[in-house]
Amino acid sequence: MTQVRVRYAPSPTGYPHIGNIRTALFNWLFARHSSESIMTKGSFILRIEDTDMTRKVEGAVDTILESLRWLGLDWDEGPEVGGDFGPYFQSQRLNLYQSAAKQMIEQGYAYPCYCSPERLDELRTRQMQRKQPTGYDRHCRDLTLSERSHFEEQGIIPVVRFKIPPGKTTFRDLIRGNVTFSNNTLDDFIILKSDGFPTYHLANVVDDHLMQISHVLRADEWLSSTPRHILMYQSLGYEPPLFAHLTMIMGPDHTKLSKRYGATSLIEYRQQGYLPEAIINFLALLGWSLDDKTTIISREDLIKHFSLERLSKTAAVFDIKKLNWMNGVYIRQLSSEEFTQRALPFLENGLPHEMEHPLYHNASTGMDYVSQIAPLIQERVRYLAEVPELSRFFFTEILEYDTTLLLQKGMDKERATSALQTAHERLSILSSFDASSLEELLRPLAVELNLKTGELFGLLRVATTGQTAAPPLFQTMAVLGKEQCLKRIALALEKLLTATS
RNA sequence: GCCUCCAUCGUCUAGUGGCCGAGGACAUCGGCCUUUCACGCCGAAAACAGGGAUUCGAAUUCCCUUGGAGGCACCA
């Protein structure tokens with residue numbers, strides 16, 4: 001049985017964004033797809049790469065776990081669930097990296113470096129001025145033992161650098177094929193910092209080996225450090241895993257997602273009311289495709305059909321408009337009850353304070369009211385944060401709107417006034433206030449008043465909702481109820497009479 | 001500057017030598033449905049970066065140019 005072991009290895013220096021999460025998704029899909037066959041077993045491992053004490057962000061680990069959980073990307077090994085290869089926090093594995101570094105020094109693959117940060121800065125500046133490639137000049141590479149102890153006596157704590165051998169390094173990338181680097185374009189990079197923590201390169205290689213990772217699916221930005229990793233695997237006597245460098249997701253400016261542009265935390269999408277199933281679908285199709293026409297695809301089908309072969313080579317620009325559309329598709333697929341449930345928190349939080357909150361006075365009648373409203377807005381919503389603004393007129397006593405909205409184009413004040421008056425009279429004696437009764441009353445009324453149906457309905461729409469665009473009129477009025485409708489029409493009349501006079 | 005990767009409609013993509021006078025989706029525009037909005041339906045516009053080479057035949061193979069991206073920290 002073939003073991004597919006993949007990992008998502010975020011560093012808690014920030015909150016995961018769309019790009020980070022898509023990497024997690026592809027790893028997860030690959031693992032779950034592998035488990036579909038009886039010949040293979042796939043494991044998805046979560047490892048926290050917290051080796052930079054200076055950039056650590058409080059709460060980042062929790063947010064990472066929460067983001068994955070929200071999307072349903074469950075991990076087989078890692079924080080909270082444990083596993084046979086733990087611990088899964090790199091900060092708890094320092095001895096492993098240190099002994100690997102020690103081994104490399106002893107075997108001549110690495111060396112201590114005593115250069116000060118100042119010297120390195122200067123070096124870099126000089127190289128850039130001369131338009132030379134930047135990189136360490138191997139100043140400490142061949143220090144004698146006595147030179148080393150001289151520095152040690154001064155209390156200088158060295159870093160450990162990897163000794164790049166001459167030659168070329170070639171590796172096969174599952175997405176791009178063979179990639180070759182001349183080793184002389186690589187510099188003697190740091191593997192162990194002076195605080196005893198490893199850099200990414202060391203920790204990553206040691207852990208991927210120790211955790212028996214079979215495939216490294218990571219973002220494209222790592223492609224150029226892969227030869228370093230290969231060289232390290234070789235010097236440690238490890239068999240390297242297979243690599244697949246995923247294309248990056250670009251912001252609207254066509255560059256890497258950054259704090260400045262587009263790197264919105266995934267959690268914010270949840271706050272905006274995007275559905276996890278829509279996010280999964282959308283992200284999966286950013287850099288992967290099933291065929292020439294599939295755009296809406298379930299998680300199950302994704303797992304069933306996912307394959308490395310169909311990963312794209314070109315970077316993708318994140319298009320929020322397409323996400324909005326797709327999220328709308330998923331929202332419309334929800335049952336009315338489920339939509340109500342999901343929309344409720346957004347309604348509770350999104351309505352202005354002065355408004356009647358749906359569940360404030362009476363939870364059960366409030367809930368009943370909300371579930372009548374929900375179907376009216378469900379097909380108009382793209383993400384749940386839009387729910388409050390689309391339905392706010394259901395929850396307010398005082399409608400704020402410009403009186404001129406009442407006057408449909410070509411309609412004067414007198415006609416509007418008399419139409420509203422007649423409508424008010426007829427509605428007040430209407431016994432059953434449901435949508436079809438309202439339609440039966442109002443359609444003929446338009447004829448009677450010599451108005452186009454659109455004119456009368458438009459007028460009533462503004463009077464009852466304060467808006468020119470709203471859910472279907474009769475259903476809206478039915479939900480609002482007779483009392484509320486009459487009140488609002490009366491108010492509209494008042495507005496008309498006091499306004500332009 | 002150096003290294004590496006990439007190159008089909010505005011965007012996501014299908015396309016692995018003839019099925020391509022390039023397909024789908026979002027967005028855009030037009031129409032239908034319709035009491036408005038939305039949904040839905042129909043339609044339009046919209047791309048193989050350029051140049052060579054290979055071949056009977058190239059979006060598909062090769063080379064060059066150009067363009068874009070990523071990397072070049074005691075960050076990951």
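Remember, it's a predicted structure, so these values are computed and weren't measured experimentally. Chain letters run A, B, ... following the sequence lines, proteins first and then strands; every chain starts at 1.
Distance check on atom P: B/G23 versus B/G15 gives 15 Å, rounded to whole Å. Taking atom P on both B/A49 and B/A44, the two are 25 Å apart, rounded to the nearest angstrom. Between the P atoms of B/G17 and B/A73, the separation comes to 42 Å (whole Å). Across B/U34 and B/G24, the matching C1' atoms stand 29 Å from one another, rounded to whole Å. Distance check on atom P: B/U28 versus B/C20 gives 30 Å, rounded to whole Å. B/G57 and B/G21 are spaced 16 Å apart, taking the P atom of each and rounding to whole Å. Distance noted for atom C1' between B/A22 and B/C48: 8 Å (whole Å). Taking atom C1' in both B/C19 and B/A58, the straight-line distance is 15 Å, to the nearest Å.
Among the heavy atoms of the strands, none lies under 4.0 Å from A/P12. When heavy atoms are screened at a 4.0 angstrom cut-off, A/K193 is found touching base atoms of the nucleic acid. If you check every strand for non-hydrogen atoms under 4.0 Å, A/A470 touches a base. Using a 4.0 Å heavy-atom criterion, one finds that A/V159 contacts the bases of the nucleic acid, with or without backbone contacts as well. Using a 4.0 Å heavy-atom cutoff across all strands shown, A/M128 reaches no nucleic acid atom at all. Within the nucleic acid shown, A/F474 comes within 4.0 Å of at least one base atom, counting heavy atoms only. Contacts of A/G287 with the nucleic acid, taken as non-hydrogen atoms under 4.0 Å apart, involve only primed sugar atoms and P, OP1 or OP2. Within the nucleic acid shown, A/R130 has no heavy atom closer than 4.0 Å to any nucleic acid atom. In this structure, A/T180 reaches the sugar-phosphate backbone alone: every heavy-atom distance under 4.0 Å involves primed, P, OP1 or OP2 atoms, never a base. As judged by a 4.0 angstrom heavy-atom cut-off over every strand, A/K452 is placed among residues making no nucleic acid contact.
Distances were taken from every side-chain heavy atom of A/F181 (C-beta onward) to each of B/G23, B/U4, B/A76; the shortest belongs to B/U4. Listed candidates were B/C26, B/C39, B/A14. Nearest to the side chain of A/R310 is B/A14. Out of B/A76, B/C37, B/C6, the shortest distance to the side chain of A/T314 is found at B/C6. Listed nucleotides B/U36, B/A25, B/C5 differ in distance to A/P472; the shortest reach to its side chain belongs to B/U36. Of the candidates B/C12, B/G70, B/A76, the closest approach to any side-chain atom of A/M248 belongs to B/G70. Of the candidates B/A14, B/A69, B/C74, B/A69 carries the atom nearest the A/M250 side chain, counting heavy atoms from C-beta on.
Mapping A/V179 and A/S312 onto RNA chain B via the closest heavy atom, the residue that lands nearer the 5' end is A/V179. Annotation: of the two residues near RNA chain B, A/D253 and A/L473, the 5′-most nearest-nucleotide partner is A/L473.
Atom CG of A/L285 and atom P of B/A25 are 13 Å apart (whole Å). To the nearest angstrom, P of B/U36 lies 18 Å from CG of A/L390. Rounding to whole angstrom units, CD of residue A/Q129 and P of B/G1 are separated by 16 Å. In this entry the distance linking CG of A/D220 with C1' of B/A76 reads 16 Å, nearest Å. One can place CG of A/L246 at 14 Å from C1' of B/G70, the figure rounded to the nearest angstrom. Atom CD of A/Q475 and atom C1' of B/U34 are 13 Å apart (whole Å). In this entry the distance linking CG of A/L186 with P of B/G71 reads 16 Å, nearest Å. Between the C1' atom of B/A76 and the CD atom of A/E49 lies a distance of 8 Å, rounded to the nearest Å.
The base-pairing partner of B/A59, taking Watson-Crick or G-U wobble contacts with both distances under 3.5 Å, does not exist among the strands shown. B/C19 makes up no base pair with any nucleotide shown, lacking Watson-Crick or G-U wobble contacts both under 3.5 Å. With a cut-off of 3.5 Å on both Watson-Crick or G-U wobble distances, the partner of B/A44 is given as B/U28. Under the Watson-Crick or G-U wobble criterion, with both distances below 3.5 Å, B/G1 is paired with B/C72. A 3.5 Å limit on both hydrogen-bonding distances identifies no Watson-Crick or G-U partner for B/C9.
Applying the 4.0 Å criterion to OP1 and OP2 of B/A69, one finds that A/K313 has every side-chain N and O outside that range. Between B/A69 and A/T255, no contact under 4.0 Å exists linking OP1 or OP2 to a side-chain N or O. For the OP1/OP2 pair of B/A76 and a distance below 4.0 Å, the side-chain nitrogens and oxygens of A/R55 include no atom meeting the criterion. Distances shorter than 4.0 Å separate some side-chain N or O of A/T134 from OP1 or OP2 on B/A73. Between A/K322 and B/U13, a side-chain N or O to OP1/OP2 separation shorter than 4.0 Å is absent. Neither OP1 nor OP2 of B/U13 sits under 4.0 Å from any side-chain N or O of A/K293. Between A/H254 and B/U11, a side-chain N or O to OP1/OP2 separation shorter than 4.0 Å is present. Applying the 4.0 Å criterion to OP1 and OP2 of B/A76, one finds that A/T51 has a side-chain N or O inside that range.
Annotation: the span from A/N183 atom CG to A/I230 atom CD1 amounts to 11.5 Å, rounded to 0.5 Å.
Side chains of A/Y114 and A/E152: a donor-acceptor N/O pair is present below 3.5 angstrom, by distance only.
The six-membered or imidazole ring of A/F197 lies away from that of A/Y97, with a centre-to-centre distance of 6.0 Å or more. Aromatic ring centroids of A/F457 and A/F474 lie under 6.0 Å apart. In summary, the aromatic rings of A/Y200 and A/W222 are positioned with their centroids under 6.0 Å apart. Between A/F282 and A/F318, the gap from one ring centroid to the other is short of 6.0 Å.
Partner A/L347 forms a side-chain contact (heavy atoms from CB on, under 4.5 Å) with one of A/I373, A/I377, A/L384, A/V370 and no other, that one being A/V370.
With hydrogens and angles ignored, no donor-acceptor pair closer than 3.5 Å exists between the side chain of A/R332 and the base of B/C39. Between the side chain of A/S224 and the base of B/C72 there is no donor-acceptor pair of N/O atoms closer than 3.5 Å.
Annotation: cation-pi pair A/R228/A/F189 present, NZ/CZ under 6.0 Å from the ring centroid and within 45° of its normal.
Using bins of under 30°, 30° to 60° and over 60° for the plane-to-plane angle, the ring pair A/F171/A/F181 lands in the parallel bin.
More than 12 non-hydrogen atoms from other residues, nucleotides or ligands lie less than 6.0 angstrom from NE2 of A/H209.
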